Asker: 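A single structure is presented below for examination.
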Amino acid sequence: MGKYHEEKCEIMGRYLGNIANGFAYHIKEDIPGKKIDHAVKRFASGIDRASIIGFFDTTVMGSGKNGYIFTDDKVYYVDTFEKPKKFWYDDIKTIKLSNIYKKDCDRVLEITQYDGKKITISSHFLNKTPLKEFLEIMKDYDSSEITRQSVEVEKIENVGAQTGGLGVGAFKTVNSQYEEEKFHARQGHGFTAERANTLYDNITGRAAEIVGDDNAKNGADRVVDGVYIQSKYCATGSGCINACFEEGGNGTFRYMIDGKPMQIEVPSDKYEEALKAMEEKIRRGQLKNITNPEEAKNIVRKGHFTYAQAKNIAQAGTIESLTYDAVNGIVSAASAFGVTAMITLASSVWSGEDFEDAVKMAAYSGLKVGGTAFVTSILAAQLSKAGLNSALSSSSQAVVSMMGPRASAVLINAFRTGAKPIYGAAAMKSAAKLLRGNGITASVTFAVLSSVDIANIFRKRISGKQLFKNMAGTAATVGGGTGGWIVGAAAGSTILPGVGTVIGGVMGSLVGGTTVGKAADTVVSTFIEDDADKMAEIIQNVFTDMASEYLLNSKEAEKSVDKLRDKLRGKTLKDMFASSDREQFARDMLTPIIEEETAKREMIYNLSAEQMANSIKTVLTEISHTLTAYTEKETGELL
């Protein structure tokens, strides 16, 4: 159990002899096996035996069936003719002695918990003053003395945090796939230019967005710092300009906003030719209220990319395409990193981790999930450009046909943040595009997450059965996370479009991925059960789901179960059996119990960029040192 367990054993050793009042007592390893077996069976079911620091046996014959078990974080106890009880050190608010008799064993110890519940210990088998002193030390121990020096890797595995982060990354990737399907059209390089230029503007500090997806006649394609822009990426500069005028270039200028011409963005290598062409149009009087050819410089805008670069971005395997997808991947990775890091940070702090260690755990988890999202984004985009998107066209359309227009509209409008809702045939067509992107992204995510297991099977580090189990769990988690995101995003979008879409998606992905992943590892019983057993199973399943939703740590879960046990009676189970919705009955019963526990959590605030940057630096330095040590070891063995 480590250093702090040993320290608590030492504290127990200083007090238990005085507490015991002449009865048999034992510190840690000195507890006879048979005696502790009786005690655990009688009044400490489910106890972690490794956490025991002391045992006080109050039976006359020394059987261990009555007494007090002290652990690292709580006390289990039972007195003659009483029911088994337990309480946690960190729930203690105040402790006081009453009935101050001459004999300490005749006094009464009154414990008040933070929730207002009172515990009275009046047994004559133990002295109350040393017990009070011991409990005073233990209730403040964790908050005042524990300082952890390193992060254990196994503590970092937080399925909810990972699925939440992967859900955000997948959302970004799927939306990119949806928007970039136009890249595959005959004039796809024009759409490529719009998005590539917008991406460039955004990462260089400008406020840029695509506005041309509404297909408004003679509308702008994008807006940069409030300037409306129409992108024209044609093979020649004159072709770019002619496309902006009616009658094949001989009529009037088409793109006006508030009586003024929009800027026309052209390939960087066609700029000079386009500028001269626009000057000639002005001389001919084809632009309303503009007569000076010098104004062409204010109308023609030099794009960030050449005509050839725009075409290459729309193709798989080119340097330009990989660069563009990598930058998009960074955006997806940053979002995935942020969500996973914050959920991990909150869960770690709520679980009692030191704040600095919690930040390191957050950094580790964020880097892991962010890296997965980055690789997934690039691979998914490249596969789509290589033709996989088109290959999935018929199957996605078949799924949408079964869904129908109403379900398709709910699905697509949940993802089209900031755009006007669409319905009918348009919604079904767009939903098919979205499903293709989801299918590619989920498949790539599964492949990336399974790559380590596949490598391990070739290195004979895991068995074939373990590989199958791991991959089945991964598939279930990814599938549940994807489905959970869709359902959560749709629900969130109806409540608060935009922000609600992402929040609902994160929660849906977190719950869906965690629940389905766990369900994949569960064997469904086929035996007939009593009604009470069936109700208990429903309560257990609902509690498991809610534990994932509320990110309960082991202590919160155990305390919630203790309080649930106090509420469960035969009448309650009968009422539940008669209920028309038993799962909802269980949820309504559990909600106030769980929320009472989670209300005690420490408020988590956003980290500063400097805090996260320092933590990432520390994490990467540790990884570098580990790899260096490993390389030196391997090299030494080879020599």
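Because only heavy atoms are used, hydrogens play no part in the values below, and waters and symmetry mates are left out as well, while side chains stay in. Bear in mind the structure is a predicted one, so any value in this text is a computation, not a measurement.
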Asker: List the steps and the verdict of salt bridge (Lys or Arg N to Asp or Glu O under 4.0 Å) for D104 and R107.
Answerer: CA-CA 5 Å; D104 199 6; R107 298 173 182 175; 3.6 Å; yes

Asker: Within the supplied structure, the quantity of interest is the number of heavy atoms (other residues, nucleotides, ligands) at a distance under 6.0 Å from K93 NZ; does it exceed 12?
Answerer: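 Open.
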
Asker: Spell out, as yes or no, whether a donor-acceptor pair under 3.5 Å connects the side chain of K128 to the backbone of L126.
Answerer: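 Yes; judged by distance alone, with no hydrogens or angles, the pair exists.
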
Asker: Do the side chain of D57 and the main chain of G64 share a donor and acceptor less than 3.5 angstrom apart?
Answerer: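 The answer is yes, because a donor-acceptor pair under 3.5 Å joins these two groups.
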
Asker: Assess the residue pair D37 and R49 against the criterion (salt bridge (Lys or Arg N to Asp or Glu O under 4.0 Å)); give the C-alpha distance rounded to whole Å, side-chain angles, the decisive distance to 0.1 Å, and a yes or no.
Answerer: CA-CA 10 Å; D37 287 342; R49 297 194 182 204; 2.7 Å; yes

Asker: Decide, yes or no, whether a salt bridge links K559 with D91 under the criterion of side-chain N to carboxylate O below 4.0 Å.
Answerer: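 Looking at K559 and D91, the cut-off is met.
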
Asker: Could you tell me whether the side chain of F543 reaches within less than 4.5 Å of the side chain of I593, counting heavy atoms only?
Answerer: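 With C-beta onward as the side chain, the pair stays apart.
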
Asker: Among L97, I121, I19, find the residue that satisfies the side chain to side chain contact (heavy atoms under 4.5 Å, CB included) test when tested with K132.
Answerer: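 Among L97, I121, I19, the one meeting side chain to side chain contact (heavy atoms under 4.5 Å, CB included) with K132 is L97.
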
Asker: What is the ring orientation for Y89 with F134, classed by angle as parallel under 30°, tilted 30 to 60°, or perpendicular over 60°?
Answerer: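 Y89 vs F134 ring planes: perpendicular.
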
Asker: Classify the ring geometry of Y68 against Y77: parallel below 30°, tilted from 30° to 60°, perpendicular beyond 60°.
Answerer: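 Rings of Y68 and Y77: parallel, as their planes differ by under 30°.
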
Asker: Between K8 (side chain only) and D72 (backbone N and O only), is there a donor and an acceptor less than 3.5 Å apart?
Answerer: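 Here the side-chain-to-backbone pair exists.
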
Asker: Which residue, E6, H5, E10, forms the side chain to side chain donor-acceptor pair (under 3.5 Å) with K28?
Answerer: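 That would be H5.
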
Asker: With a 3.5 Å cut-off and no angle check, do the side chains of T71 and D73 form a donor-acceptor pair?
Answerer: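 Yes.
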
